[in-house]
Structure formats: structure tokens, C-alpha cells
Amino acid sequence: QVQLVESGGGLVQAGDSLRLSCAASGRTFGRRVMGWFRQAPGKEREFVATMNWNGGITDYADSVKGRFTISRDNAKQTVYLQMNSLKPEDTAVYYCAGGWSTAHSMGAYDYWGQGTQVTVSS
């Protein structure tokens, strides 16, 4: 069993940066793929970023490439999402998720956090 708790969201202005954290409990974290998804009001949840167990494989949604960076510290059982040059369209609830594949689909992830709100004002 893996439990995930996100933190670090907030209200920022366009162009600012935020770093989200996702603290995990459970014995399998170090072997799991970890991903970030987001859901804007009235929209479906969408893929943001993913990283395999040792950080050797990362992938990003086109909309965040070059601005967001996923990283992880297996010793701390934490995954991060560094978000730079934030835009109003990045406003969403951000979720971290644990899975076994770096696929972009939600079905590839079987553990989810409760989400953290990120609001970017123009």
C-alpha cells in the first residue's frame, strides 16, 4: 500500500515559480513510477509529468516542457514538481500518483494523492 500527500500549492502571479512536494508512505515507493497530473475546473484530469524509479526516464506534457521539472528523493520517499514561468492556464488541482509504467494515462497509476491547488493570476 502506498499513501501520497501533496503540498506546496498556492496562489501566485504569472511568471512565478512553485515547487510541489508529494510525500509517500509504503514499502514500494523506491521501485515505483511517480507521476503528476492536474485537473482544471470543468476539465478532465490530464498528465503533466512522470519519472521512473531511479530518475533515468522522465516525460512531460508538451504544455509544460521546458518549464516544469519532476524529481524524486527515494531516501525521503518524496517526489517533487518544480514549476517555473507559471501561466494562468496552469491553474488546477495537482495530483501525484504512483504506478508501474511511465505512460501518460491515468489507468497506469494505481495510487493517488488528494491534490493541492495551484492558482496562477494574470
Side-chain angles (χ1 to χ4, degrees):
Q1 189 82 1
V2 174
Q3 294 183 326
L4 305 174
V5 179
E6 303 95 335
S7 62
L11 172 62
V12 297
Q13 293 187 332
D16 285 351
S17 298
L18 272 179
R19 188 176 80 156
L20 305 183
S21 299
C22 174
S25 62
R27 298 168 60 181
T28 63
F29 175 85
R31 302 195 301 272
R32 282 187 170 269
V33 167
M34 296 301 297
W36 287 95
F37 287 73
R38 67 185 182 186
Q39 188 167 17
K43 295 187 177 181
E44 294 186 351
R45 195 171 299 188
E46 64 177 5
F47 167 79
V48 175
T50 187
M51 171 176 278
N52 75 327
W53 72 275
N54 66 355
I57 299 173
T58 59
D59 197 11
Y60 297 91
D62 288 343
S63 59
V64 307
K65 279 181 181 176
R67 300 188 298 122
F68 290 12
T69 303
I70 187 172
S71 62
R72 66 191 294 165
D73 184 334
N74 286 342
K76 295 182 178 179
Q77 297 208 144
T78 301
V79 62
Y80 305 97
L81 186 68
Q82 178 66 42
M83 306 185 295
N84 298 330
S85 303
L86 282 161
K87 305 175 181 179
E89 51 262 45
D90 294 319
T91 295
V93 177
Y94 283 71
Y95 300 88
C96 72
W100 298 108
S101 165
T102 55
H104 292 194
S105 62
M106 288 178 56
Y109 299 82
D110 50 359
Y111 293 107
W112 293 83
Q114 294 301 305
T116 185
Q117 176 71 47
V118 172
T119 303
V120 185
S121 64
S122 56

List the atom pairs, with distances to 0.1 Å, where a side-chain N or O of residues 97-104 and a protein N or O form a donor-acceptor pair under 3.5 Å, not counting sequence neighbours.
{"unit_1": "Ser101", "atom_1": "OG", "unit_2": "Ala103", "atom_2": "N", "d": "3.1"}
{"unit_1": "His104", "atom_1": "NE2", "unit_2": "Asp59", "atom_2": "OD2", "d": "2.5"}

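For the salt bridge (charged side-chain N to carboxylate O under 4.0 Å, His left out) condition, the pairs that include at least one residue of residues 36-52, sequence neighbours left out, are Arg38-Glu46, Arg38-Asp90. Residues in residues 84-122 take part in these disulfide bond (SG atoms under 2.5 Å apart) pairs, two or more places apart or across chains: Cys22-Cys96. For residues 40-95, the set of pairs meeting the disulfide bond (SG atoms under 2.5 Å apart) definition, not counting sequence neighbours, is empty. Every pair tested for salt bridge (charged side-chain N to carboxylate O under 4.0 Å, His left out) that includes a residue from residues 79-89 fails, sequence neighbours excluded, so the list is empty. Within the structure, side chain to side chain donor-acceptor pair (under 3.5 Å) pairs that include any residue of residues 17-27 comprise Ser17-Asn84 (at least two apart or interchain). Applying the ring pair (Phe, Tyr, Trp, His ring centres under 6.0 Å) test to every pair with at least one member in residues 48-69, sequence neighbours left out, gives no pairs at all.
More than 12 heavy atoms of other residues, nucleotides or ligands lie within 6.0 Å of CD in Gln117, so this atom counts as buried by the packing criterion. Shown here is Gln39, whose CD atom has more than 12 heavy atoms of other residues, nucleotides or ligands within 6.0 Å.
Residues satisfying the ring-ring contact (aromatic ring centres under 6.0 Å, His included) criterion with Tyr109, sequence neighbours excluded, are Phe37. Residues satisfying the salt bridge (charged side-chain N to carboxylate O under 4.0 Å, His left out) test with Asp110, not counting sequence neighbours, are Arg32. Residues satisfying the side chain to side chain donor-acceptor pair (under 3.5 Å) criterion with Ser121, sequence neighbours excluded, are absent altogether.
How far CD of Gln82 is from CZ of Arg67: 12.0 Å, rounded to the nearest 0.5 Å. Put simply, CZ on Arg72 and CG on Asn52 are 7.5 Å apart, with the number rounded to the nearest 0.5 Å. How far OG1 of Thr69 is from OH of Tyr80: 14.0 Å, rounded to the nearest 0.5 Å.
Between Ile70 and Met51 the shortest heavy-atom distance is O-CE, 3.1 Å. Counting all heavy atoms, side chain and backbone alike, Ala24 lies closest to Leu4 at CB-CD2, 3.5 Å.
Clustering ILVMFWY residues whenever any of their side-chain heavy atoms sit less than 4.5 angstrom apart, transitively, puts Tyr111 in the very cluster that holds Leu20. Residue Leu86 is grouped with residue Trp36 when hydrophobic side chains (ILVMFWY) are merged at heavy-atom distances under 4.5 angstrom, including chains of intermediate members. Using a 4.5 Å cut-off between side-chain heavy atoms of Ile, Leu, Val, Met, Phe, Trp and Tyr, with links allowed through other members, Trp112 and Val93 fall into the same hydrophobic cluster. Cluster annotation: Tyr95 and Val48 are assigned to distinct hydrophobic clusters (Ile/Leu/Val/Met/Phe/Trp/Tyr, side-chain heavy-atom contacts under 4.5 Å, transitive). Hydrophobic clustering (ILVMFWY, side-chain heavy atoms < 4.5 Å, transitive): Val64 and Tyr94 are in one cluster.
Asn74 contributes no side-chain N or O that, together with a main-chain N or O of Gln77, makes up a donor-acceptor pair within less than 3.5 Å. Panel note: side chain Thr119, backbone Thr91; no donor-acceptor pair is recorded below 3.5 Å.
Exactly one of Val118, Leu81, Thr116 qualifies for a side-chain contact (heavy atoms from CB on, under 4.5 Å) with Leu18. That residue is Val118.
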